[in-house]
Amino acid sequence: MRRLAQSLCVLGAVLAPVAAQESVPAWAREYAAHWSTYRADARGQRNWQAVPFAQMTQGEQWEQFMEHLKQGGRAQRAALAFLSQRTPSVWASEGLKTGDPEVTLALHRLGFRQSGADPFAYLGAPDRVDRPWTHGLGLHLDKAGWRFQWIPSPALFTQGGSAALPKGLGQAAQPGVLIHLKALRPGLEKLVALSGGAGPDAQGILPALGQGSRLGFTARHLEPWLKKASPALEPLANREAWVLHYGTARPGADEIQGTLVFIPGDLPARTQLTMALLRLNPSSSGARSRVVTWTGPGASTEVQQLRGSGGVFHLIQMAEGTWISDREAPLRALLFPGPVPTLGERPEWARVALSAMTPDTELSFWLAPRIGADAAFEVQALRRRQANAQQGTWPNPFIAKAAPRTGALAVSLGAGPTEKLVEAILRVDDATEFRMPQMPAFADGGRALSPEQMKAYQEALAAAQERQRQRTALRQDAQALQACLDLRGAAFFWNGWVTAPSLTGTEKAALTELAKLRREDPWRAMRLQQEGKVTAFGGFGEPGMAPSVALALPVQPARRTQAENLLKKVLPRLFKGQNQKQALGSAELHRILTAQAFRPAWTLVADTLVLGTDEGAVKAVAAGLQGQAPTLADRDSRAWARMEVDGARASSELENLLLAFLRSRSGGGWWIGEASSQDDATAELAASLGPFLGALKALGPVRIEWDWTAAGLEGRPR
């Protein structure tokens with residue numbers, strides 16, 4: 001019996017990897033089939049005949065897993081699919097060396113525990129604020145009006161939520177935009193109205209919302225649902241619906257473009273729904289409806305295709321509800337899961353996002369920035385829940401005096417998350433030293449160099465050492481300045497954009513030539529701009545888009561003089577220009593005059609440091625601190641943060657910035673006031689931020705109070 005048991009153990013060890021690979025998802029096996037390696041002969045020379053994955057030894061396959069684990073993206077997720085069938089402790093140490101949050105999250109889901117007092121120490125610090133700070137933006141329409149939501153780094157969370165995705169929605173690929181409509185037809189009508197209209201003469205980002213490649217699906221494909229009624233479609237008018245949008249450029253999911261609509265629960269009979277959809281476009285010719293079989297990795301399924309107004313619908317009914325897609329790719333990603341992360345793999349983000357919904361919420365619109373809502377968010381949120389870490393918050397009414405109500409937007413923040421956020425902004429994350437010039441080996445320690453070559457090497461080495469010394473000294477002074485601050489509150493003021501300086505004929509010609517080069521050779525154009533070889537650029541970006549912004553931070557009273565001396569020492573080393581100063585009441589205003597619209601300025605008023613991008617913003621904040629202008633302190637509030645915003649102006653100014661960004665990517669100019677081109681990029685950006693701009697514009701001049709909730713930071717107009 002002992003020999004039999006030993007034989008069975010040996011057989012199990014041999015067959016275990018084979019059995020494990022059988023349970024690996026089909027897409028991962030297909031992906032790994034393209035992996036190959038090379039072997040060496042007895043003399044150590046490489047045999048250039050590639051060995052496919054299926055013919056590799058277990059050791060060679062292991063090397064492939066470890067290699068692709070470091071690459072990220074699809075290769076990494078394929079490797080994780082194989083490794084997840086093995087004992088986590090076998091590969092955890094190598095996997096954690098990658099520092100990739102996807103690997104960390106996979107290990108946690110497999111139940112991996114480290115040895116030691118804290119078995120989950122590998123998840124990282126629960127209170128470190130890392131970039132990106134924004135993992136989502138939310139916009140919600142209640143009966144009382146619009147409500148805004150900011151989903152920040154989990155380290156700033158003050159409490160936990162309990163919301164979860166509805167059943168069935170988690171199997172869809174993670175979208176860039178997620179929309180919940182309490183009632184389908186009224187929700188669609190509000191979305192179209194929010195865009196500001198989709199008339200042929202409309203210009204700008206807001207009208208593009210109804211014409212572009214993402215939310216344009218609403219206007220082009222679902223518009224008949226708004227304008228035409230039918231017995232079969234009428235029951236859908238007040239049904240709950242979820243809309244998932246996929247952009248034109250998503251890392252790791254470039255081919256997933258289009259829109260998915262999910263209607264939970266049972267629908268009317270398929271025949272009635274089909275006939276109603278067909279009647280929407282009676283002039284179409286050829287087959288109007290057909291059932292096709294889609295085949296994917298390891299499976300196949302039947303999908304109904306309906307020719308509707310503006311395109312072809314792809315429809316499939318599942319146990320949880322019905323899915324409708326304007327393109328094949330999003331629905332294929334749903335039916336045949338692959339390497340793209342699904343919405344269900346982001347339960348912590350969904351918990352926070354959906355916590356903002358209430359029974360009275362008619363419409364919810366979430367934007368998940370492409371750099372956010374990733375595995376790093378999930379890992380830190382899990383870590384905080386394990387540690388039961390909660391961030392306290394306290395209002396700070398005194399800093400509200402530094403938020404004047406004379407611009408497009410003024411904000412005052414309370415204590416708690418402010419400290420962590422400001423510290424993260426001021427923190428130096430890259431502490432690497434300058435790469436010093438290296439003498440080549442053939443120089444034989446300098447003996448093979450000529451006197452001129454040796455002198456050039458010594459000068460280059462001395463220059464690099466001096467730059468390293470100056471940077472070290474600058475960072476030490478910056479840390480000393482930060483120690484002088486009292487971060488239990490902050491104020492922010494924004495008043496649009498600084499007037500663009502007039503350009504000379506040479507500078508205008510340079511911009512024209514740059515626009516031409518961007519179309520012909522974008523990489524060369526980008527390199528010339530980065531190297532400062534474009535005449536119209538002065539090192540801070542193109543003229544005209546410097547924001548008029550000021551930030552106010554309290555200073556510890558006992559360190560006011562030290563802070564002032566450090567500012568006079570640090571800022572002139574950060575910015576090249578002419579240092580100027582002038583009296584500002586009882587204070588003194590300092591400005592660095594540059595050749596651009598960006599002209600940094602600062603002052604100290606009543607133990608409050610005010611830093612700005614131009615003197616106008618700094619003077620406005622100083623006027624509030626000196627009692628010469630109305631501020632947010634004029635109104636009582638117990639909220640953690642107060643804001644006053646001129647909705648129409650702020651929306652217009654932000655639209656100018658977004659359009660300028662688009663033109664910078666497409667080869668145009670940054671000039672304010674130009675009409676936007678109705679291209680995919682404009683529509684993409686409109687679909688993402690258009691609803692926020694539309695809601696902000698509709699508010700007009702308004703006061704918004706912000707408080708921390710289970711949904712992150714929520715703002716309610718008052």
Side-chain angles (χ1 to χ4, degrees), residues 398-413 422 425-426 474 477-478 480-487 489-501 538-541 543-634 644:
F398 302 102
I399 195 63
K401 295 180 180 179
R405 298 159 50 199
T406 55
L409 180 146
V411 184
S412 66
L413 307 177
V422 176
I425 294 174
L426 300 178
L474 180 62
D477 290 339
L481 176 60
Q482 182 178 346
C484 297
L485 302 176
D486 181 358
L487 301 181
F492 179 81
F493 174 81
W494 176 51
N495 197 29
W497 312 101
V498 179
T499 304
F540 300 106
M545 294 307 293
S548 182
V549 169
L551 176 68
L553 297 168
V555 177
Q556 299 179 33
R559 295 192 172 187
R560 186 184 189 281
T561 302
Q562 181 186 3
E564 185 173 7
N565 293 332
L566 285 169
L567 284 165
K568 293 178 180 178
K569 182 180 179 183
V570 169
L571 291 183
R573 291 153 63 187
L574 291 177
F575 308 105
K576 179 186 287 188
Q578 181 182 356
N579 297 319
Q580 299 176 338
K581 63 180 180 180
Q582 60 177 287
L584 188 64
S586 59
E588 193 174 59
L589 176 69
H590 297 260
R591 181 182 71 171
I592 300 177
L593 184 63
T594 69
Q596 296 292 312
F598 177 76
R599 296 173 178 177
W602 65 275
T603 187
L604 276 167
V605 180
D607 294 330
T608 300
L609 168 63
V610 185
L611 291 167
T613 57
D614 77 307
E615 60 180 296
V618 174
K619 287 181 178 179
V621 175
L625 288 169
Q626 294 172 343
Q628 300 172 356
T631 68
L632 295 183
D634 299 337
E644 184 160 298

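Residues take their numbers from the sequence shown, with the count starting at 1.
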Where do [X] and [Y] come nearest, in terms of heavy atoms and distance?
X	Y	answer
Cys484	Val555	O-CG1, 3.5 Å
Lys568	Trp602	CG-CZ2, 3.8 Å
Thr594	Pro600	CG2-CD, 4.4 Å
Ala552	Thr608	CB-CG2, 4.0 Å
Pro547	Trp494	CB-NE1, 4.3 Å
Thr603	Ala622	CG2-CB, 4.5 Å

Ignoring hydrogens and geometry, is there a side-chain-to-backbone donor-acceptor pair from [X] to [Y] under 3.5 Å?
X	Y	answer
Gln556	Ala483	yes
Asn565	Gln562	no
Thr613	Phe598	no

* Which residues share a salt bridge (Lys or Arg N to Asp or Glu O under 4.0 Å) with Arg573, sequence neighbours left out -> Asp477
* For Asp614, salt bridge (Lys or Arg N to Asp or Glu O under 4.0 Å) partners two or more places apart -> none
* Asked: Is there a side-chain contact between Val422 and Leu485 (heavy atoms, below 4.5 Å)?
  -> no
* To do: Answer yes or no: is there a side-chain heavy-atom contact under 4.5 Å between Leu571 and Leu611?
  => yes
Side-chain atoms of residues 398-410: list all donor-acceptor pairs with protein atoms under 3.5 Å, sequence neighbours left out, distances to 0.1 Å.
residue, atom, partner, partner atom, Å
Arg405, NE, Glu644, OE1, 3.2
Arg405, NE, Glu644, OE2, 3.0

Can you list, pair by pair, the side-chain donor-acceptor contacts under 3.5 Å of residues 582-593, counting residues two or more places apart and other chains?
residue, atom, partner, partner atom, Å
Glu588, OE1, His590, NE2, 3.1
Arg591, NE, Gln580, OE1, 3.1
Arg591, NH1, Glu615, OE2, 2.2
Arg591, NH2, Gln580, OE1, 2.3

* Of all pairs that satisfy salt bridge (Lys or Arg N to Asp or Glu O under 4.0 Å), the ones with a partner from residues 602-613, not counting sequence neighbours -> Arg560-Asp607
* To do: Give the C-alpha distance, both sets of side-chain angles, the deciding distance and a yes or no for side chain to side chain contact (heavy atoms under 4.5 Å, CB included) between Leu574 and Leu474.
  => CA-CA 9 Å; Leu574 291 177; Leu474 180 62; 3.6 Å; yes
